[in-house]
Novice: 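Below you will find the structure I want to go over with you.
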Number of protein chains: 2
Amino acid sequence: MVRAMATSKRVAAAREPTAPPATDTRQRIIQAGLAVLTRGEPFSLGEIAREAGISRQALYLHFDSRVALAVAVAQYSDELFGVEQALAPVREATDAPSLLRAQARFVTKYNERLYPVVRMADALRQTDPDMAAPWEDRLAARRAGGRAIAARLDQWGALSDEWTVETAGDWICALASVKLWEELVIDLRWSKERFARSLEQQLCSALLRTPGEEAPTAVAHSAKGTGKKSRA
Amino acid sequence: MVRAMATSKRVAAAREPTAPPATDTRQRIIQAGLAVLTRGEPFSLGEIAREAGISRQALYLHFDSRVALAVAVAQYSDELFGVEQALAPVREATDAPSLLRAQARFVTKYNERLYPVVRMADALRQTDPDMAAPWEDRLAARRAGGRAIAARLDQWGALSDEWTVETAGDWICALASVKLWEELVIDLRWSKERFARSLEQQLCSALLRTPGEEAPTAVAHSAKGTGKKSRA
DNA sequence: TCCCGAACTTGACATGGTGTCAATCTCGCG
DNA sequence: CGCGAGATTGACACCATGTCAAGTTCGGGA
């Protein structure tokens with residue numbers, strides 16, 4: 001193949017995402033991996049290599065193992081989707097209903113896009129301990145995201161009394177899971193629109209204080225209220 | 001294969017679960033499979049054979065393939081759990097809150113017990129088309145269960161206006177999914193008690209008409225009301 | 001009593017995937 | 001020129017699934 005020089009591995013790590021010439025082999029492998037993963041399933045390394053136009057053995061010049069490649073593909077897929085940008089509406093929401101609406105829309109798009117990758121990662125983590133750690137990281141990030149939403153709801157006095165910030169965050173995280181999305185959209189054939197709509201509604205009815213109840217400023221029975229329990 | 005006579009397979013199928021002498025090899029294999037599956041993961045046929053005290057090749061005298069064994073294990077696991085009996089409180093509930101409470105408790109117990117089996121089946125169905133059909137069957141059964149609950153809520157006039165029986169049924173089905181249970185109980189370390197409590201609460205807040213609203217007998221704005229839309 | 005057939009055994013083998021190793025090729029650059 | 005990075009071909013070990021063949025054990029029926 002081409003490549004050569006002090007280019008390639010070191011460069012790939014340092015390359016900014018703004019330079020997509022993709023002449024880099026490592027990058028080509030990752031893209032091939034994503035392509036193979038996205039269509040169908042079986043996921044054989046030989047297939048990815050063929051797709052990338054290199055020999056199977058060359059994969060091992062760039063990745064220690066199947067899992068390392070999978071992790072790289074997952075990360076690339078994340079970057080490609082642009083989580084940061086997609087999350088902007090969620091971060092910028094200024095009231096509870098629009099926050100939850102933004103979250104529902106984000107979740108719908110994100111899960112649709114990341115579904116094949118998460119699927120594979122989930123399958124791999126069962127058999128491969130090396131996949132467990134990255135998986136945990138992602139889970140922690142999702143959990144933190146859910147908790148951040150719950151914390152803002154709580155700050156606004158919008159969080160229903162039955163929740164703590166922690167439990168509400170976990171529930172938000174669970175409802176945002178690819179698995180729930182898969183169950184409804186893939187297995188039960190829901191349309192994305194219906195999923196988004198239902199998720200929004202359910203987030204609202206699950207989390208939000210019902211309008212008729214105590215005002216956010218009023219500290220009622222126990223130690224509930226505005227600053228419920230922001231961290232342990 | 002060998003198979004022949006009216007013995008063996010036929011006998012295994014016809015044997016009542018009340019006779020546990022376990023002299024039947026097929027049954028021993030299934031039990032070994034469940035045991036291996038329940039602890040840890042890797043799931044190698046050789047291991048199951050060793051656990052069952054027979055040679056690896058003897059597995060093929062009883063099961064055509066890995067998938068056939070897996071299906072048998074899943075079915076056995078179901079019988080062992082006693083779904084019918086465990087579902088009794090759900091079937092016998094006479095009001096909406098206790099129905100949803102019974103459902104939440106059933107789901108918690110069932111998912112905890114069936115988790116390893118479902119895990120394996122889900123992994124297998126990705127690569128093995130033979131697993132897809134049994135999976136679909138189970139999904140259809142779960143969906144029907146969810147829909148039955150939704151229909152009863154609707155009959156009682158307890159189902160919130162935003163739902164049809166179909167969509168509510170699917171939502172119940174999705175919240176009953178092993179995957180949601182896994183996310184919360186396994187990955188996020190929720191206790192079973194907390195899961196059961198939250199699930200019950202969330203089923204209620206998601207599905208039930210809020211107390212202040214229109215009475216069940218009153219047919220309000222559109223064509224909603226008691227007999228919402230029992231089938232398409 | 002003998003023997004048939006069912007169930008199981010051992011052992012070998014094909015296939016296909018992962019991961020490793022060694023030898024070779026090809027460039028660009030110092 | 002020759003080094004060295006990246007890539008190639010080819011071979012190999014290992015393991016899991018699935019198949020095949022031949023032999024063993026044992027119970028029950030003719």
Side-chain angles (χ1 to χ4, degrees), chain A residues 1-15 22-30 32-33 36-37 40-71 73 120 123-124 126-131, chain B residues 1-13 15 21-30 32-33 36-37 40-71 73 120 123-124 126-131:
Chain A
M1 280 297 119
V2 212
R3 207 49 330 96
M5 229 354 201
T7 10
S8 154
K9 246 180 185 167
R10 248 53 60 86
V11 160
R15 191 191 293 282
T23 48
D24 190 25
T25 304
R26 184 187 159 90
Q27 206 58 24
R28 277 220 321 281
I29 297 173
I30 293 176
V36 165
L37 201 64
E41 269 307 317
F43 178 29
S44 134
L45 291 188
E47 216 169 319
I48 293 176
R50 252 192 296 115
E51 176 89 14
I54 60 169
S55 66
R56 188 177 70 87
Q57 287 66 13
L59 288 181
Y60 291 96
L61 298 176
H62 296 276
F63 301 97
D64 285 347
S65 70
R66 199 173 82 218
V67 170
L69 171 55
V71 170
V73 168
M120 170 211 59
L124 245 47
Q126 298 301 311
T127 62
D128 232 309
D130 292 350
M131 184 49 101
Chain B
M1 283 297 120
V2 202
R3 201 52 339 95
M5 239 350 199
T7 7
S8 159
K9 246 179 184 167
R10 246 55 59 88
V11 159
R15 191 190 296 281
T23 47
D24 191 23
T25 304
R26 184 187 159 90
Q27 206 57 28
R28 275 218 323 277
I29 296 173
I30 293 177
V36 166
L37 201 65
E41 268 308 316
F43 179 28
S44 137
L45 291 189
E47 216 169 319
I48 293 176
R50 251 191 297 114
E51 177 87 15
I54 60 168
S55 67
R56 188 176 70 86
Q57 285 68 11
L59 288 181
Y60 292 96
L61 297 177
H62 298 275
F63 301 97
D64 286 346
S65 69
R66 198 174 82 218
V67 169
L69 172 55
V71 170
V73 168
M120 168 211 61
L124 244 47
Q126 299 302 309
T127 62
D128 232 308
D130 293 350
M131 185 49 102

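Each chain gets a letter, A, B and so on, in the order the sequences are listed, and its residues count up from 1.
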Novice: So A:F63 and A:V73, side chain to side chain contact (heavy atoms under 4.5 Å, CB included) or not? Walk me through it.
Specialist: CA-CA 11 Å; A:F63 301 97; A:V73 168; over 6 Å; no
Novice: Measure from CD1 on B:I48 to P on D:dA16 and round the result to the nearest Å.
Specialist: 12 Å
Novice: Calculate the interatomic distance between A:D24 atom CG and D:dA5 atom P; express it in whole Å.
Specialist: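 One finds 16 Å between P of D:dA5 and CG of A:D24, rounded.
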Novice: In whole Å, I'd like the distance from the CG atom of A:L69 to the P atom of C:dG17.
Specialist: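 Rounding to the nearest Å, CG of A:L69 and P of C:dG17 are 16 Å apart.
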Novice: Expressed in angstrom and rounded to an integer, what is the separation of B:F63 atom CZ from D:dA16 atom C1'?
Specialist: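 So the CZ-C1' distance, B:F63 to D:dA16, works out to 19 Å.
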Novice: Side-chain polar contacts of residues 42-50 of chain B - donor-acceptor pairs under 3.5 angstrom, sequence neighbours left out - could you list them?
Specialist:
residue: B:S44; atom: OG; partner: B:G46; partner atom: N; Å: 3.2
residue: B:S44; atom: OG; partner: B:E47; partner atom: N; Å: 3.4

Novice: Specify the angle, to 10°, made by the local axes at the two ends of the helix from C:dT1-D:dA30 to C:dG30-D:dC1 when five pairs are taken at each end.
Specialist: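 For the helix from C:dT1-D:dA30 to C:dG30-D:dC1, the axes at opposite ends meet at about 30°.
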Novice: Under 4.0 Å between a side-chain N/O of A:T25 and OP1 or OP2 of D:dA7, yes or no?
Specialist: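 Yes.
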Novice: For C:dC8, does either OP1 or OP2 sit under 4.0 Å from a side-chain N or O belonging to B:H62?
Specialist: yes
Novice: Tell me: CZ of B:R66 to C1' of D:dC15, nearest whole Å?
Specialist: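 It works out to 13 Å between those atoms.
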Novice: Between protein and nucleic acid, restricted to nucleotides 9-12 of chain C and to nitrogen or oxygen atoms under 3.5 Å apart, what atom pairs and distances do you find?
Specialist:
residue: C:dT9; atom: OP1; partner: B:S55; partner atom: N; Å: 3.2
residue: C:dT9; atom: OP2; partner: B:S55; partner atom: N; Å: 2.9
residue: C:dT9; atom: OP2; partner: B:S55; partner atom: OG; Å: 2.6
residue: C:dA12; atom: N6; partner: B:Q57; partner atom: NE2; Å: 3.4

Novice: List in chain and number order the residues that pass side chain to side chain contact (heavy atoms under 4.5 Å, CB included) with A:V67, two or more places apart in sequence or in another chain; answer none if no residue qualifies.
Specialist: A:S65, A:V71, A:L124, A:D128, A:D130, A:M131
Novice: Looking at B:I29, B:D24, B:T25, which one forms a side chain to side chain contact (heavy atoms under 4.5 Å, CB included) with B:Q27?
Specialist: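 Answer to the side chain to side chain contact (heavy atoms under 4.5 Å, CB included) test with B:Q27 among B:I29, B:D24, B:T25: B:D24.
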Novice: Looking at CD1 of B:I30 and CG of B:L69, how far apart are the two atoms once the value is rounded to the nearest 0.5 Å?
Specialist: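 Separation between the atoms: 7.0 Å.
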Novice: State, to 0.1 Å, how close A:R26 and A:H62 come at their nearest heavy-atom pair, and which atoms those are.
Specialist: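 Looking at all heavy atoms of both residues, the shortest contact is NH1-O, 3.2 Å.
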Novice: Using side chain to side chain contact (heavy atoms under 4.5 Å, CB included) as the criterion, list what pairs up with B:S55, not counting sequence neighbours.
Specialist: B:Q57, B:A58
Novice: Figure out the CD1/P separation between A:I29 and D:dG6, and round it to whole Å.
Specialist: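 Distance check: A:I29 CD1 to D:dG6 P gives 12 Å.
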Novice: Could you tell me the separation between the CZ atom of A:R50 and the C1' atom of D:dT9, rounded to a whole number of Å?
Specialist: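 About 17 Å, once rounded to whole Å.
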Novice: Calculate the interatomic distance between A:Y60 atom OH and D:dC12 atom P; express it in whole Å.
Specialist: 18 Å
Novice: Once salt bridge (charged side-chain N to carboxylate O under 4.0 Å, His left out) is applied, do any residues pair with A:E51, and if so which ones, sequence neighbours excluded?
Specialist: A:R39
